[in-house]
Amino acid sequence: MSENNAILKIGEEELSIPIITGSENEHALDISKLRGSTGYVTLDVGFKNTGSTKSAITYLDGEQGILRHRGYSIEDLASKASYLEVTYLLINGKLPNQAELDTFDHDIRMHTLVNTDMENIFHSFPTGSHPMGQLMCLVSSLSAFYPGSLNTHPTPERQLKTITRLLAKMPTICAMIYKKKWGHPLVYPNNSLDYVSNFLNMTFGQVTMNYETDPVVADAMNKLLILHADHEQNCSASTVRLVGSSHANLYSSIAAGIAALWGPLHGGANQQVIEMLEKIKADGGNVQKFIDKAKDKNDTFRLMGFGHRVYKNFDPRARIIKKSCDEVLAKLGIHDPILDIAKELEEAALNDPYFAERKLYPNVDFYSGIIYRALGFPTEMFTVLFALGRLPGWMAQWKEMRTEGQPIGRPRQIYTGEPARDFIPMKMRS
Ligand code: SDX
């Protein structure tokens, strides 16, 4: 291996493979010419060792527990920035100055309403429909209300308008879904409120009385949205990029990301964690029994909220959220017994060789649901809140991919099916 090349030897053939080095000294083998030169493709089911793109948005170091957005640490952003500042940072690559933030905030406030015809779609959902299915459908339907978003080569101004519209309408749609669950009348956006307070007002406000945003709740929501804002090439962000690479419109690409996030192995885990903790509580609180189930290969039970494809030390977001849990519940005067169970479960797991050997630690989903619950959200809304937070990250990834003019994503495969065979007429078939 020379300084910038690796040598791949196949039989007697040798191929020089360029080595790519990123700004944080990560290395990759650039195999973009592999098939043309050797006829070989690589195989990496689940992409555990495969980079799909270069990106300047988010940096993770799974061993050190580092998460940075455009170079700023998640610890700094979660404690010093507003969610709107982080949103601007992800999408534009820099922290906004005051004038830029004011313009960004104003433009978003001007687009918070959704077309009232959307309410017809909304009211056609059966009561009890899962909120993530509703969110996916309603976000996708925006392409019907804003056909200009279908332009496959939008000008930067048109692209910014589409991005701004979705940023503005996502909280409105999420709040509508919450109201639907209770059969309550919708509370429309109040554009005199900031982004997070407006969302809380649409969610918890009532048409019959004024809702005062509790600053503790608003601060916790701001922090949780920041902690979910982006996470490089996770399952849902990769889905958004893949769908967007076919030049599908932004709304459809984001709807696909919502679908991917819904899965219990991904964003859906935050709902599963609470259901798991409730189950442990109902079962008498014996955490060791559930630790043993999680270790049993014959048992499909997994410790939800534990483990991560990248973090093999600790998820920095989980540390921040765990600390926030104690603060928020104390400030709200709430004692939630499942927080005690969660801490006991974490303690037991971290002292168990099975989890230590596999480097399984609490991830972002392990404690987040406990705060969401304390803020008044029902469990099945938790993944919707994850999507609300992740929206700017998905859009930043989509914008980067489109701006760079990346080709349509189309992985190869290794065929393992039947060799060529003759067609069998119906009367000859067994
Ligand atoms: C998110 O990618 C991202 O960045 C995602 C995310 C984001 O911000 O976008 O961080 C958000 O999705 C967080 C993850 C939420 N999901 C969960 O909490 C579900 C529970 N965790 C897992 O199912 C699992 O840990 C994954 C899906 C998160 C990671 O799976 P991997 O990397 O494919 O690892 P694996 O399934 O191959 O597991 C490796 C070993 C296996 O044991 P062995 O076969 O080696 O004996 O660890 C075991 C697994 O059985 N294992 C677990 C476990 N997670 C992994 N055993 C028990 N409980 C678990 N939770």
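Indexing begins at 1, ligand by ligand and atom by atom, following the structure's order.
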For [atom], which candidate among [options] holds the nearest heavy atom?
atom: atom 13 (C) of ligand 1; options: Val310, Asp296, Leu303, Asp365; answer: Asp365
atom: atom 10 (O) of ligand 1; options: Lys48, His308, Lys312; answer: His308
atom: atom 14 (C) of ligand 1; options: Leu261, Val45, Asn363, Val364; answer: Asn363

Can you list the ligand 1 atoms lying under 4.0 Å from a non-hydrogen atom of [X]?
X: Arg358; value: 40 (C), 42 (O), 43 (P), 45 (O), 46 (O), 47 (O), 48 (C)
X: Gly307; value: 25 (O), 28 (C)
X: Ala269; value: 15 (C), 16 (N), 17 (C), 18 (O)
X: Gly305; value: 17 (C), 18 (O)
X: Met304; value: 18 (O), 19 (C)

Lys399 (side chain) donor-acceptor with Ile91 (main chain) under 3.5 angstrom:
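It does hold such a pair.
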Whether Phe306 and Phe355 hold their rings parallel, tilted or perpendicular, with breakpoints at 30° and 60°
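If you compare the ring of Phe306 with that of Phe355, the planes turn out perpendicular.
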Check the angle between the aromatic planes of Phe377 and Phe199 and answer parallel, tilted or perpendicular using the 30° and 60° thresholds.
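Parallel: the ring planes of Phe377 and Phe199 meet at under 30°.
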[atom]: nearest protein contact (heavy atom, Å):
atom: atom 49 (C) of ligand 1; value: Arg302 NH2, 3.0 Å
atom: atom 51 (N) of ligand 1; value: Leu360 CD1, 3.7 Å
atom: atom 2 (O) of ligand 1; value: Asn234 CB, 3.4 Å
atom: atom 16 (N) of ligand 1; value: Leu265 O, 2.9 Å
atom: atom 33 (O) of ligand 1; value: Arg309 NH2, 2.7 Å
atom: atom 4 (O) of ligand 1; value: His231 ND1, 2.6 Å
atom: atom 20 (C) of ligand 1; value: Phe306 O, 3.4 Å
atom: atom 11 (C) of ligand 1; value: His266 ND1, 3.7 Å

Would you check, one step at a time, whether the test ring pair (Phe, Tyr, Trp, His ring centres under 6.0 Å) holds for His228 with Tyr83?
CA-CA 10 Å; His228 287 82; Tyr83 176 61; over 10 Å; no
In a check of side-chain contact (heavy atoms from CB on, under 4.5 Å) between Tyr367 and each of Asn270, Leu339, Ile320, Val273, which one passes?
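Result: among Asn270, Leu339, Ile320, Val273, Leu339 is the only option passing the side-chain contact (heavy atoms from CB on, under 4.5 Å) with Tyr367.
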Mind running ring pair (Phe, Tyr, Trp, His ring centres under 6.0 Å) on His69 and His231 for me, showing each step along the way?
CA-CA 9 Å; His69 295 314; His231 215 238; 7.9 Å; no
Row check, Tyr72 ring normal vs Arg70 NZ/CZ: under 6.0 Å, within 45°
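No, Arg70 does not sit over the ring of Tyr72.
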cation_pi(Arg319, Phe314) dist<6.0 Å, angle<=45
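Output yes; distance and angle both within limits.
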Is the shortest distance from a Lys or Arg side-chain nitrogen in [X] or [Y] to a carboxylate oxygen in the other one below 4.0 Å?
X: Lys322; Y: Glu346; answer: yes
X: Arg109; Y: Asp105; answer: yes
X: Glu347; Y: Lys343; answer: no

Do any non-hydrogen protein atoms sit less than 4.0 Å from atom 39 (C) of ligand 1?
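Within 4.0 Å of atom 39 (C) of ligand 1, no protein heavy atoms are found.
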From atom 26 (C) of ligand 1, is the closest protein heavy-atom distance below 4.0 Å?
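So far as the 4.0 Å threshold goes, atom 26 (C) of ligand 1 is out of reach of every protein heavy atom.
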May I ask whether [X] has any heavy atom positioned less than 4.0 angstrom from an atom of ligand 1?
X: Arg317; result: yes
X: Tyr354; result: yes
X: Ala294; result: yes
X: His228; result: no
X: Lys297; result: yes
X: Arg390; result: yes

I'd like to check Glu63 versus Tyr311 (side-chain heavy atoms, cut-off strictly below 4.5 Å). Are they in contact?
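No - every pair of side-chain heavy atoms lies 4.5 Å or more apart.
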Checking side-chain polar atoms at under 3.5 Å, does Thr21 have a donor or acceptor matched by the opposite partner on His27?
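Yes - a donor-acceptor pair under 3.5 Å links their side chains.
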So which pairs with a foot in residues 135-152 pass side-chain hydrogen bond (donor to acceptor under 3.5 Å, both in side chains), sequence neighbours left out?
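Listed once each, the pairs are Tyr146-Lys169.
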